[in-house]
Structures are given as C-alpha cells and as structure tokens.
Asker: 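One structure coming up, written as structure tokens, with questions to follow.
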There are 2 protein chains.
Amino acid sequence: MADMARSAIPTRERIISAANALFYNDGIRGVSVDAVAAKAGVTKRTLYYHFKSKDDLVAAYLAARDQPNLALFRQWFAEADDGLPAQVERIFRNLARSARHPKWKGCGFLRTSAELANMPGHPAMKIGAAHKKKFEEWLRVTFASAGIAQAAQLARQILLLLDGSFAVVLLHRDPSYMETAGEAAHALIEAALPVRGKRRAR
Amino acid sequence: MADMARSAIPTRERIISAANALFYNDGIRGVSVDAVAAKAGVTKRTLYYHFKSKDDLVAAYLAARDQPNLALFRQWFAEADDGLPAQVERIFRNLARSARHPKWKGCGFLRTSAELANMPGHPAMKIGAAHKKKFEEWLRVTFASAGIAQAAQLARQILLLLDGSFAVVLLHRDPSYMETAGEAAHALIEAALPVRGKRRAR
DNA sequence: CCATGTATACTAACCAGTGAATATACACAA
DNA sequence: TTGTGTATATTCACTGGTTAGTATACATGG
C-alpha cells in the first residue's frame, strides 16, 4: 500500500524475486545479502526489515518456488490424456527442453540441500523436503487412482529418476539424460499398470 | 621425499586429507583455506606452496576420491556372483548402509557440482563429470558382457537411479530411498536380460 | 649455495548484521 | 480542517569478523 508510486510490486516481493534470480544462479553462499538488496533496488537495512536473517531469506526464496514448480509439472502431465506412462514421460521431456536453456542450473531445492547438507535443521531443508514429498505424494495418488497396487513404491522410483536426472544433467550439461530417465519411468509405469490391453499406443 | 622425519605422511597428502574431511562435510564455500591448513597442521603459506589456488585444492580433493570410490562399487558388485540384478542392487544396499552413518553427506562429486553450477568450466566439474562417466562406462561394459542389447541405455538408467538416491536421501535423510532405487534397478536389469530361464533365483 | 619447503605477518576486499535517524500513512481528537 | 501520535517502511553509516591470496624471510638437505 505504502509508496505505490515508486513501484507496482511490493518491496518484499521484489526482494524475493531478486533473491530467486541470484540464489538460483550462484548458490546460497555465493550470493551476499548486499547483492540481493542491490538487485532488488533497496538498501540492505530495508532487506533486514522484511527478513530477519539471510537464512530466513533463503527459506522465503525456496518457499516461493514450491507451488509454481508443482503447477508446472501438473500442467505438463495434463496436456494430453495419452496414458500414464506417456504423461509422466512428458514431464521429463519438458524438463529436458528447459535444461537446454543456458540459464538452467538444475533444481533449486536439491542444489540448496547439497549446499546446506551440514545443517539438517535449516528451514530451507524442511521446505525442500516438503516440496519433494508433495510431488511424490501427487504421483502416488495418481498411480493409485489408476489401479496400480505398488503406487507408493512406483512414485518413489519416478522421483528418484527425476532427481537423478537433475543431478546428472547439471554435472554433464547433457539434457539427453532426462529423456533416458523419462524412458525408464515409462517402462516402470508400464510394467506396473494393471489389466493391460486397453491402453492405446499413443 | 623431503622431511619424512616430521611425519610419515607427506605434507601434500595431509593437506588433501584435511581438505577431504572439511570440504565433504561443510561444502566448498563453507570451508576456508585457513581451516584446511589448520586441520592439516601447516600454515596457509605452505598450503599455497603445494596448491596454486583454492580451486586447485578443490580439484585435488575430488581427484583423490575418484579411484577409491569406484573400487568400492566394484567390490560390492563382486562380493557374490549371484546374477546381475542382485549384484547391482547390492551396490544400492551397501550405499544405504553407508548413508545411515551420521557423517554421511551424500556424494561429494554431486554436491560440489551443485555448489559450482555457475562455473561449468571449473576443473572440479570436469573431474566430477569424468568420475560419473567412468562409473557409467563400467556399468555399460558389464551389461554388454552379459549380452544385454541396450547396455548403454540401461547403464544410464542405473546411474540416474544412483545419483537420484544420493540427492533424495540427502534431502530427506531417509536411506530407505536407496533400497527403493536398488529395487528399481533390479527390475530394469531383469527386464533387459536376454534368454531368461538360466538365471538362478539367488 | 641453491632448490625445496615452511613460517610470520600482512593486505585489500568482502560479509552478515546493527544503531540511529528519517519518512510516510493513517487513525483519531480538537 | 488541522494537529498529533503511532506503526510501517526506508535510508546512511558503521562494526567486527572473515577471506583468498601474498611479500618476505628463514630453514634444511644435497
């Protein structure tokens, strides 16, 4: 409300947006609070008015990525109703396309957890863990609805392939690994599907 | 060679050992060169005599992990000749056991690549990529020797499951994901094996 | 006396967080 | 309408500590 003339976007959101761009690109410890403040166009003191510490800012950065990320996966999945294996594989194919953009730097949640591995209780770790659990649970429910008996186990396996492809593609800079992961996911889901025979090829 | 009386272990190796303990535990940017020098029992100036920069030290840290790591995987694989699916799954089971130790912090190569994601040309990235390529190639050759047609694709899939479990277990601190990954690997290899029927149950 | 190796002491930059002051908006009394 | 208090929001300037890397000197074995 205050000072709308200065900018249409509230200060707190501008700071989170700046934090997102910088933390995702350069890592948590690679970005100073001063740099975030400068990018957001505020002084550091203002940033510390809205966030009580850098750790707090990091947590807000990840929290802001949670829902948009999940929504994107659901959207890719729902783009066509061409069968569970194909729908899940499409997530991997779209991810591979994203990974070809030069600014892509893997999964922000996983990279943050790798960087803060020695601080298991860090708020950012909890947000990252919750995010991945949500995705896994969404897969599990989806599989269970399709009549798959081992839905929970299958959901975990797909999650492992997904996060594995984040890690491997980040290291090799070769997005084709994501397509390989998608094929493996396709095979595992296909093998777990019940009845068979009523599924169309495409 | 010089100054063997001071310590049985040469200075350079003591520094790498200290770097290994600290970098693996706290991450690259979380550890100062001073801290490594102190842990190694030398002054920082001595460290800079043996390594031209911190980046150089990081590269040496990862290079020192390369062979021992691969040897461990091969050892677990070869502990019994109980069939390809079981042999590969045993790697995952052993990894899960390792991950239950409190000092475990995931895969040093992947964590370093996550931290240095904005420096694709960093020597440490090249060493990490080469390490993972060696493991993937060892799997591929092993699968090809067993008469698997799609050996290269299958090797990639197993690698994705392995690195996925590193990432997920680090985030959730739940090593059971590694067992799930091992089961997925088992299923994928089983499905890819030729002839069938000549394989014993255990 | 020279190459190898180690130590003391330093620099220049950076970094997370803070103290004190100021500006603005709005509620409410005169 | 005007004045005033209070919570919100923002700035400048600073501190104490840390960091990667270095200039210089000293030691020691061959």
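Here is the naming used below: chain letters follow the sequence lines, and residue numbers restart at 1 for every chain.
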Asker: Suppose we call a contact any N or O donor and acceptor under 3.5 Å apart; does that hold for the side chain of A/Lys44 and the base of C/dA16?
Answerer: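 Indeed, a donor on one side and an acceptor on the other fall under 3.5 Å apart.
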Asker: Any side-chain N or O of A/Ser32 less than 4.0 Å from the OP1 or OP2 oxygen of C/dC14?
Answerer: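 Negative; the distance criterion is not met.
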Asker: Between D/dC12, D/dG21, D/dT10, which nucleotide gets closest to the side-chain atoms of A/Thr46?
Answerer: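 Minimum distance to the A/Thr46 side chain belongs to D/dT10.
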Asker: Can you find a side chain N or O atom of B/Tyr49 that sits less than 4.0 Å from OP1 or OP2 on C/dT6?
Answerer: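 The answer is no; no side-chain N or O of B/Tyr49 sits under 4.0 Å from OP1 or OP2.
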Asker: Taking atom P of C/dT6 as reference, at what distance in whole Å does atom CZ of B/Phe51 sit?
Answerer: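 Rounded to the whole Å, the gap is 11 Å.
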Asker: Taking the nucleotide of DNA chain D with the nearest heavy atom to each, does A/Arg45 or A/Asp34 sit closer to the 5' end?
Answerer: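 Its nearest nucleotide being more 5', the pick is A/Arg45.
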Asker: Output the single nucleotide from D/dA20, C/dA16, C/dG5 whose closest atom is nearest the side chain of B/His50.
Answerer: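 Closest of the options to the side chain of B/His50: C/dG5.
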Asker: In whole angstrom, what separates A/Ile28's CD1 from C/dC15's C1'?
Answerer: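 To the nearest whole Å, that distance equals 15 Å.
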Asker: Start with the C-alpha distance between A/Phe166 and A/Met178, add both sets of side-chain angles, then the distance that settles side chain to side chain contact (heavy atoms under 4.5 Å, CB included), and finish with yes or no.
Answerer: CA-CA 8 Å; A/Phe166 276 124; A/Met178 259 157 185; 3.9 Å; yes
Asker: Just how far, in rounded Å, is C1' of C/dG5 from CD of B/Glu13?
Answerer: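 Result: 16 Å.
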Asker: Is the shortest side-chain N/O distance from B/Thr43 to OP1 or OP2 of C/dT6 below 4.0 Å?
Answerer: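 Answer is no, no contact under 4.0 Å.
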Asker: Can you tell me if the side-chain N/O atoms of B/Thr11 get under 4.0 Å from OP1 or OP2 in C/dT6?
Answerer: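 For B/Thr11, the contact criterion (side-chain N or O under 4.0 Å from OP1 or OP2 of C/dT6) is met.
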Asker: Rounded to whole angstrom units, what separation is found between the CZ atom of B/Arg29 and the C1' atom of D/dT18?
Answerer: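 Value for this atom pair: 16 Å.
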Asker: Side chains of A/Ser176 and A/Asp174: do they bring a donor and an acceptor to under 3.5 Å?
Answerer: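 There is such a pair between these side chains.
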Asker: Find out whether the Lys NZ or Arg CZ of A/Arg90 is both under 6.0 angstrom from the six-membered ring centre of A/Phe77 and within 45° of the ring's axis.
Answerer: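 No; the conditions do not both hold, so A/Arg90 does not lie above the ring face of A/Phe77.
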Asker: What is the distance from CG of B/Asp56 to P of D/dG21, rounded to the nearest Å?
Answerer: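 Whole-Å distance recorded here is 10 Å.
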Asker: So which nucleotide from C/dG17, D/dC12, D/dT22 ends up closest to the side chain of B/Tyr48?
Answerer: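 Nearest to the side chain of B/Tyr48 among the choices is D/dT22.
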Asker: For B/Arg12 and for A/Lys54, find the nucleotide of DNA chain C with the closest heavy atom, then tell me which residue's nucleotide is more 5'.
Answerer: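 With B/Arg12 and A/Lys54 compared, the 5'-side residue is B/Arg12.
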Asker: Does one side chain, of A/Asn25 or B/Asn118, offer a donor that lies under 3.5 Å from an acceptor on the other?
Answerer: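 No pair is found: no donor N or O on one side chain lies under 3.5 Å from an acceptor on the other.
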Asker: May I ask you to check whether B/Thr142 and B/Ser145 show a side-chain donor-acceptor distance below 3.5 Å?
Answerer: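 On atom types as modelled, these side chains do not qualify, holding no pair under 3.5 Å.
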Asker: With respect to the side chain of A/Val33, which nucleotide from D/dG21, C/dA16, D/dT11 is positioned closest?
Answerer: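 Shortest atom-to-atom distance from the side chain points to C/dA16.
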Asker: What is the distance, rounded to the nearest whole Å, between atom CG of A/Asp55 and atom C1' of C/dC15?
Answerer: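 Atom CG in A/Asp55 sits about 14 Å away from atom C1' in C/dC15.
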Asker: With a 4.0 Å cut-off on heavy atoms, is A/Val36 in touch with a base, just the backbone sugar-phosphate, or nothing at all?
Answerer: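 Here A/Val36 touches no strand at all.
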